[in-house]
Amino acid sequence: MRRSLVAGNWKMHGSGAKITGLLQALVQALGDEQEGAEVVVCPPAPYLPLCQLLLQGSAIALGAQNVHAQASGAFTGDVSAAMLAEFGVRYVIAGHSERRRYAGDTDAEVAQKCEAAILAGIAPIVCVGESLEERESGQAETVVARQLSAVLEHCDSESLGQLVVAYEPVWAIGTGRTATPEQAQAMHAFIRHVVQERSAWLAESVRILYGGSVTAENAAQLFAQQDIDGGLVGGASLKPEEFISICKSVGR
Ligand code: PEP
């Protein structure tokens, strides 16, 4: 049985004061939640210690937005998985389309980041998804399979047990244009099929999140789909009432 998961990706937003207010509201509404979805928040890296403190004793988990593939070294501006783990980070986003686009993260690097995270005991949330052009030219499944296979082939079977996949069609991120529940379900089923070719056991247990303009209004319909195990939420995760409502609209 897969437990649903909702992760908030705060991207490069917030300040100490804003994050404190947001987290206090989330902890009050969701902090004791054992029955519903697992909830994760991914703040910008400098706020990880503050969030770790504010989340102490709550059921909300801490996530990060990025990690370097190497354990240490001359990589100015980057952080390693072991460093994240020191601040109680349990999840890390890898291969978000914004990083693929602006920071040039390649499939191979994303796979190495996933491996580094897993070695440090952090579950990677690997993002896959096609652009509008790729969808319209019939390439969506090919692109998603390529991005996912890079990770599945790089990591060993045992460690893949920690993997979470997020299907995030690039054309739906921050655009207000959501995939229909049917479009999302079709791709999630395809993703599970790709995982199944690697391991039948993993296909059953891996959680596949949907991301791309999820709101309180469309969440329940998306999360009701058979192969959608929760969501990766950007913009709406910065609005406490909306994010709480999204988290509560997914069952365990
Ligand atoms: C994201 O950044 O992962 C995302 C899905 O953003 P939004 O919900 O704003 O589309």
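Excluded from the calculations below are hydrogen atoms, water molecules and symmetry mates; all remaining heavy atoms, backbone and side chain alike, are included. When a ligand or atom number is given, it counts from 1 through the structure's own listing order.
- Between the side chains of Glu242 and Ser245, no donor N or O sits under 3.5 Å from an acceptor N or O.
- Listed here is the closest heavy atom pair of Leu48 and Pro43: CD2-CG, 3.8 Å.
- For ligand 1 and Gly174, the ligand atoms under 4.0 Å from any heavy atom of the residue are 7 (P), 9 (O), 10 (O).
- A side-chain contact (heavy atoms from CB on, under 4.5 Å) with Leu5 is found for exactly one of Val40, Val250, Asp229, Ile208, namely Val40.
- In this structure a side-chain-to-backbone donor-acceptor pair under 3.5 Å is missing from Glu168 to Val128.
- Taking every non-hydrogen atom of Asn9 and a distance limit under 4.0 Å, the qualifying atoms of ligand 1 come out as 1 (C), 2 (O), 3 (O).
- Residue contacts with ligand 1 include Ser213, since one of its heavy atoms falls under 4.0 Å from the ligand.
- Residue-to-ligand polar distances keep Val233 apart from ligand 1: every N/O pair is separated by 3.5 Å or more.
- Taking a cut-off of under 4.0 Å to the non-hydrogen atoms of Gly212, the atoms of ligand 1 that pass are 5 (C), 10 (O).
- Under the side-chain hydrogen bond (donor to acceptor under 3.5 Å, both in side chains) test applied with Asp107, the options His154, Arg100, Gln112, Gln147 reduce to a single match, Arg100.
- From Ser237, atom OG reaches atom CG of Leu22 across 7.5 Å, with rounding to the nearest 0.5 Å.
- Here the heavy atom of the protein found nearest to atom 4 (C) of ligand 1 is Gly234 N, 3.6 Å.
- Among all protein heavy atoms, the one lying closest to atom 5 (C) of ligand 1 is Glu168 OE2, 3.1 Å.
- Protein heavy atom nearest atom 9 (O) of ligand 1, with residue, atom name and distance: Gly235 N, 2.8 Å.
- When heavy-atom distances to ligand 1 are checked against a 4.0 Å cut-off, Ala172 comes that close only through its backbone atoms N, CA, C and O.
- Ring geometry for His188 versus Tyr167: interplanar angle over 60°, hence perpendicular rather than tilted (30 to 60°).
- Distances between N or O atoms of His96 and those of ligand 1 include at least one value under 3.5 Å.
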